[in-house]
K.L.:
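What follows is a single structure, and I will ask about it in a moment.
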Amino acid sequence: MPELPEVEVVRRGLERWVSGRAIAEVQVLHPRAVRRHLAGPVDFAARLTGRTLGPAHRRGKYLWLPLDGTGCSLLGHLGMSGQLLVQPPEAPDETHLRVRLRFTDGGRELRFVDQRTFGGLTVHPAEPGDPEATPLAIAHIARDPLDPRFDDEAFHTALRGRRTIVKRALLDQSLISGVGNIYADEALWRARLHYDRPTATLTRPQTVLLLQSVREVMAAALAVGGTSFDSLYVNVNGESGYFSRELDAYGRRDEPCRRCGTPIRRDPWMNRSSYFCPHCQRRPRLR
DNA sequence: ACGTTTTCCTGAGCGC
DNA sequence: TGCGCTCAGGAAAACG
């Protein structure tokens with residue numbers, strides 16, 4: 001399940017293998033993969049063909065590459081199971097291959113593979129004059145915690161003003177981007193906060209600790225290539241990351257808390273799961 | 001307006 | 001062997 005560290009690993013792969021190359025041909029093999037490109041698959045392909053890809057950028061879980069001389073960018077989101085793979089042209093098609101980009105140099109092609117089809121690619125106009133050509137379509141996505149321009153103080157103020165709970169806030173991409181279910185649980189464990197804690201009651205030191213926890217766990221994951229539970233998350237060369245073995249909370253139901261030994265609990269939460277230590281992360285008294 | 005719920009999707013795993 | 005059920009969950013749309 002790609003969250004910020006996994007998407008950053010992919011971004012670095014794109015920067016190395018794809019940036020600077022000119023697109024010769026685009027094949028859309030499943031229309032759902034470009035469903036957010038409202039003008040349709042034919043327009044999508046036409047806007048890419050003949051264009052040279054610029055440097056790879058990322059905000060939260062979104063990735064994009066500027067298209068030379070167009071004022072537009074190729075924007076991608078991996079969703080739950082999306083992969084961007086750099087493959088030799090002769091490599092057999094993957095089962096869930098959705099989009100193929102061939103390049104004018106005849107070298108390795110870029111493939112978007114996505115089993116559950118929650119992810120997708122689009123071509124979107126960018127803010128004129130923006131050196132990074134950030135697509136306007138993601139203007140509502142907040143800066144992520146690894147972005148030097150992320151505003152910690154504004155984040156605290158926003159939390160205090162919301163009538164919601166801390167885990168919902170962590171997953172709200174308009175407040176802080178890049179955090180998904182895995183890193184939310186990991187950061188809350190590190191900060192000793194219960195997922196059901198109302199954000200309006202968070203003190204400034206608690207927000208500071210929470211942000212520090214998010215940054216630490218993401219940096220640690222990035223250092224080992226991200227979190228892979230199965231073959232659904234891999235880098236552009238098809239390799240898994242190793243952070244799953246270092247997880248403290250997520251997926252560790254009934255296993256001992258690495259701080260206090262209390263069995264980790266799994267609560268059903270929002271049609272998904274929350275993993276936490278019932279001793280280190282006490283449930284808030286009133287809701 | 002804002003917070004909450006639903007919806008989209010496929011394959012693995014499991015009980016019977 | 002196979003059927004039906006549950007689970008995994010990002011983010012936008014729909015809902016209240």
Side-chain angles (χ1 to χ4, degrees), chain A residues 1-8 10-11 28-38 58-64 75-84 93-99 112-122 124 135-145 157-188 195-201 214 218 226-234 240 243-244 247 249-254 265-275 287:
Chain A
M1 283 141 270
E3 302 180 29
L4 188 152
E6 293 75 36
V7 178
E8 174 60 16
V10 172
R11 188 199 68 77
V28 178
L29 299 150
H30 195 309
R32 198 175 142 76
V34 296
R35 68 192 179 286
R36 299 205 187 285
H37 189 87
L38 299 180
R58 181 190 54 72
R59 176 181 291 183
K61 304 170 200 170
Y62 281 92
L63 285 164
W64 70 92
L75 175 65
H77 195 294
L78 302 177
M80 285 293 301
S81 55
Q83 305 175 341
L84 285 165
D93 287 3
E94 291 75 9
T95 305
H96 302 293
L97 177 63
R98 311 303 190 192
V99 178
F112 181 65
V113 177
D114 190 8
Q115 181 206 103
R116 295 180 201 166
T117 69
F118 277 26
L121 303 178
T122 54
H124 270 298
L136 293 168
I138 61 164
H140 65 292
I141 301 295
R143 291 190 182 276
D144 62 60
T157 304
L159 290 182
R160 296 284 305 189
R162 289 265 175 138
R163 280 192 176 78
T164 190
I165 59 174
V166 66
K167 185 165 171 180
R168 274 187 189 277
L170 282 177
L171 297 178
D172 185 338
Q173 305 298 302
S174 70
L175 285 176
I176 180 170
S177 68
V179 183
N181 204 39
I182 296 171
Y183 294 103
D185 282 0
E186 291 301 303
L188 290 169
Y195 63 84
D196 212 15
R197 174 69 177 268
T199 57
T201 70
V214 170
M218 286 183 166
T227 303
S228 304
F229 293 109
D230 45 38
S231 57
L232 284 188
Y233 161 69
V234 292
S240 293
F243 195 66
S244 58
L247 293 172
Y250 186 87
R252 298 194 66 241
R253 168 153 62 164
D254 297 336
R265 239 174 73 188
R266 173 196 175 273
D267 278 5
W269 184 81
M270 274 181 65
N271 291 321
R272 31 184 70 90
S273 300
S274 268
Y275 296 90
R287 276 300 326 271

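Residue numbers start from 1 in every chain, and the chains themselves are labelled A, B, ... in the order their sequence lines are given, proteins ahead of strands.
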K.L.:
Measure the distance from CZ on A:Arg116 to P on B:dC9 and round it to the nearest whole Å.
P.N.:
14 Å
K.L.:
Does a donor on one side chain and an acceptor on the other come within less than 3.5 Å for A:Arg266 and A:Ser273?
P.N.:
yes
K.L.:
Distance only, no hydrogens: is a donor on one side chain within 3.5 Å (strictly under) of an acceptor on the other, for A:Arg32 and A:Thr117?
P.N.:
yes
K.L.:
For A:Asp267, which residues count as a salt bridge (charged side-chain N to carboxylate O under 4.0 Å, His left out) partner, sequence neighbours excluded?
P.N.:
A:Arg265, A:Arg283
K.L.:
Just how far, in rounded Å, is C1' of B:dT6 from CH2 of A:Trp269?
P.N.:
15 Å
K.L.:
Check this one for me: any side-chain N or O of A:Ser273 less than 4.0 Å away from OP1 or OP2 of C:dA8?
P.N.:
yes
K.L.:
Using C1' atoms of five pairs at each end, report the bend of the helix from B:dC2-C:dG16 to B:dC16-C:dG2 rounded to 10 degrees.
P.N.:
50°
K.L.:
Does A:Arg266 place a side-chain N or O at less than 4.0 Å from the phosphate oxygens OP1/OP2 of C:dA8?
P.N.:
yes
K.L.:
CG of A:Leu170 versus P of B:dG3: gap in Å, rounded?
P.N.:
15 Å
K.L.:
Identify the two heavy atoms, one from A:Tyr183 and one from A:Glu6, that lie closest to each other, and give their separation to 0.1 Å.
P.N.:
OH-OE2, 2.6 Å
K.L.:
If each of A:Arg162 and A:Asn271 is mapped to the nucleotide of DNA chain B with the nearest heavy atom, which maps nearer the 5' terminus, i.e. the 5' end?
P.N.:
A:Arg162
K.L.:
Taking the side chain as everything from C-beta on, heavy atoms only, tell me whether A:Arg162 gets closer than 4.5 Å to A:Asp172.
P.N.:
yes
K.L.:
Which letters describe nucleotides 10-16 of chain C, given B = protein heavy atom under 4.0 Å from base, S = only from sugar-phosphate, - = neither?
P.N.:
BSS----
K.L.:
Does the plane of the ring in A:His124 sit parallel, tilted or perpendicular to the ring in A:His37? Use 30° and 60° as the thresholds.
P.N.:
tilted
K.L.:
Considering non-hydrogen atoms only, spot the tightest contact between A:Leu121 and A:Gly76 and give its length.
P.N.:
CD2-CA, 3.8 Å
K.L.:
Are A:Leu4 and A:Pro145 side-chain neighbours, meaning at least one heavy-atom pair lies under 4.5 Å?
P.N.:
yes
K.L.:
Can you see if the side chain of A:Thr164 gets near the phosphate of B:dT4 - specifically, an N or O under 4.0 Å from OP1 or OP2?
P.N.:
yes
K.L.:
Please determine whether a side-chain nitrogen or oxygen atom of A:Arg98 lies at a distance below 4.0 Å from atom OP1 or OP2 of B:dT10.
P.N.:
no
